[in-house]
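Right, one structure below, let's go through it.
The residues of the chain are indexed from 1 along the displayed sequence. These values consider heavy atoms only, across backbone and side chains, with no hydrogens, waters or symmetry-generated copies. Note that the structure is a prediction, hence the values are computed from the model and not measured.
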Amino acid sequence: MEWLLVALSAATGAYGLHRARAGAAGERRAARGDALMGLGMAVMAVPAVATAGRPWGAGLFAVVFAAVGLYAGFRAFARGRGPGRAGHLHHAVGAFAMAYMALAMTGDGHHHHHAGAPLLTGLLLVYFAGYVVRSAGALVPAGPAGPVGPADARRELAGACRISMGTGMLTMLLMM
């Protein structure tokens with residue numbers, strides 16, 4: 001199961017990198033954020049047996065993801081109420097959730113054997129479950145489906161990637 005999550009997250013991150021090459025500036029920026037989160041999730045989901053003997057892992061993950069969270073949070077508040085703020089805030093929550101999971105792993109070096117703080121874990125589960133449901137709802141057409149163009153297909157695939165990342169975060173939190 002863990003390797004499937006690694007593969008799905010890596011594919012999502014790779015698609016984000018692909019999307020970051022074209023489109024408007026805001027779309028490229030969002031795609032870069034999605035790529036970073038997807039690839040970061042892939043690294044975090046690697047099973048403990050594959051990283052055994054590397055004591056730097058969890059601590060380094062916590063520092064890197066906390067830095068990404070601070071950067072995303074700064075970007076969100078620097079934008080004021082402008083477009084893209086919600087995406088930056090979401091990436092900040094995701095990065096801090098990853099740092100939290102990394103810190104929960106630091107005890108004995110094994111992935112997913114520490115529960116962390118139950119209240120914080122529960123709040124993150126509620127947040128990501130809501131994110132997945134809201135994102136899935138955005139993919140459902142409001143009326144009769146018309147012809148689908150390439151831009152529509154890219155937007156839907158990007159939405160599906162975000163759903164897979166949200167589901168991946170739910171999975172990693174549940175496996176703690």
Side-chain angles (χ1 to χ4, degrees), residues 1-47 61 64-65 68-69 71-73 75-76 79 82-102 104 111-112 116 120-176:
M1 166 94 156
E2 291 170 333
W3 285 110
L4 180 60
L5 184 57
V6 171
L8 183 61
S9 297
T12 299
Y15 181 68
L17 289 175
H18 174 72
R19 283 185 17 239
R21 297 183 324 155
E27 292 171 355
R28 290 193 312 269
R29 194 172 19 259
R32 286 192 302 267
D34 290 347
L36 178 64
M37 292 308 292
L39 295 173
M41 287 175 56
V43 170
M44 279 285 292
V46 170
F61 289 159
V64 168
F65 287 118
V68 169
Y71 176 76
R75 294 287 305 210
R79 290 186 102 31
R85 182 177 188 197
H88 287 301
L89 285 174
H90 172 70
H91 286 145
V93 170
F96 286 128
M98 301 269 273
Y100 165 68
M101 288 186 279
H111 284 266
H112 317 301
L120 181 55
T121 303
L123 290 172
L124 289 169
L125 285 167
V126 168
Y127 172 80
F128 285 106
Y131 178 79
V132 167
V133 169
R134 185 182 65 78
S135 297
L139 287 179
V140 177
V148 176
D152 295 322
R154 283 192 300 272
R155 191 171 31 259
E156 288 175 357
L157 187 53
C161 286
R162 289 185 183 111
I163 291 170
S164 74
M165 285 192 292
T167 305
M169 289 297 285
L170 283 169
T171 302
M172 288 191 290
L173 285 164
L174 288 170
M175 290 172 53
M176 281 182 38

One should read off an interatomic distance between Met98 CE and Leu124 CG, to the nearest 0.5 angstrom, of 12.0 Å

So His91 and Asp34, side chain to side chain contact (heavy atoms under 4.5 Å, CB included) or not? Walk me through it.
-> CA-CA 8 Å; His91 286 145; Asp34 290 347; 3.0 Å; yes

Identify the heavy atoms of Ala102 and Met44 that sit nearest to each other, and give their distance.
-> N-CE, 3.8 Å

What's the shortest heavy-atom distance between Ala35 and Gly16, and which atoms?
-> CB-C, 3.7 Å

OH of Tyr71: more than 12 outside heavy atoms within 6.0 angstrom?
-> no

Using the ring of each side chain (for Trp, its six-membered ring), is Phe65 parallel, tilted or perpendicular to Phe61, with breaks at 30° and 60°?
-> tilted

Interatomic distance, Tyr127 atom OH to Leu170 atom CG [nearest 0.5 angstrom] | 11.0 Å

Closest non-hydrogen atom pair between Ala95 and Val68, with its separation = CB-CG1, 3.9 Å

What is the minimum heavy-atom distance between Ala42 and Ser9, and which atoms define it?
-> N-CB, 3.5 Å

Would you please test Arg29 and Arg32 for side chain to side chain contact (heavy atoms under 4.5 Å, CB included) and show each step?
-> CA-CA 5 Å; Arg29 194 172 19 259; Arg32 286 192 302 267; 3.8 Å; yes

Pairing residues for Thr171 by the side chain to side chain donor-acceptor pair (under 3.5 Å) criterion, not counting sequence neighbours | none

What are the two closest heavy atoms between Gly166 and Tyr131, and how far apart are they?
-> CA-CD2, 4.4 Å

Report the C-alpha distance between Leu139 and Ile163 in whole Å, list the side-chain angles of each, state the deciding distance to 0.1 Å, and finish with yes or no for side chain to side chain contact (heavy atoms under 4.5 Å, CB included).
-> CA-CA 10 Å; Leu139 287 179; Ile163 291 170; 3.4 Å; yes

What orientation do His90 and Phe128 show, parallel under 30°, tilted 30 to 60°, or perpendicular over 60°?
-> perpendicular

Could you tell me whether the side chain of Glu27 reaches within less than 4.5 Å of the side chain of Arg19, counting heavy atoms only?
-> no

From Met37 CE over to Met169 CE, what is the distance, rounded to the nearest 0.5 angstrom?
-> 5.5 Å

Side-chain touch Arg162/Thr12, heavy atoms, less than 4.5 angstrom | no

Least distance between heavy atoms, Ser164 atom then Cys161 atom | OG-O, 2.8 Å

Would you check if Met175 and Met172 make a side-chain contact, meaning some heavy-atom pair closer than 4.5 Å?
-> no

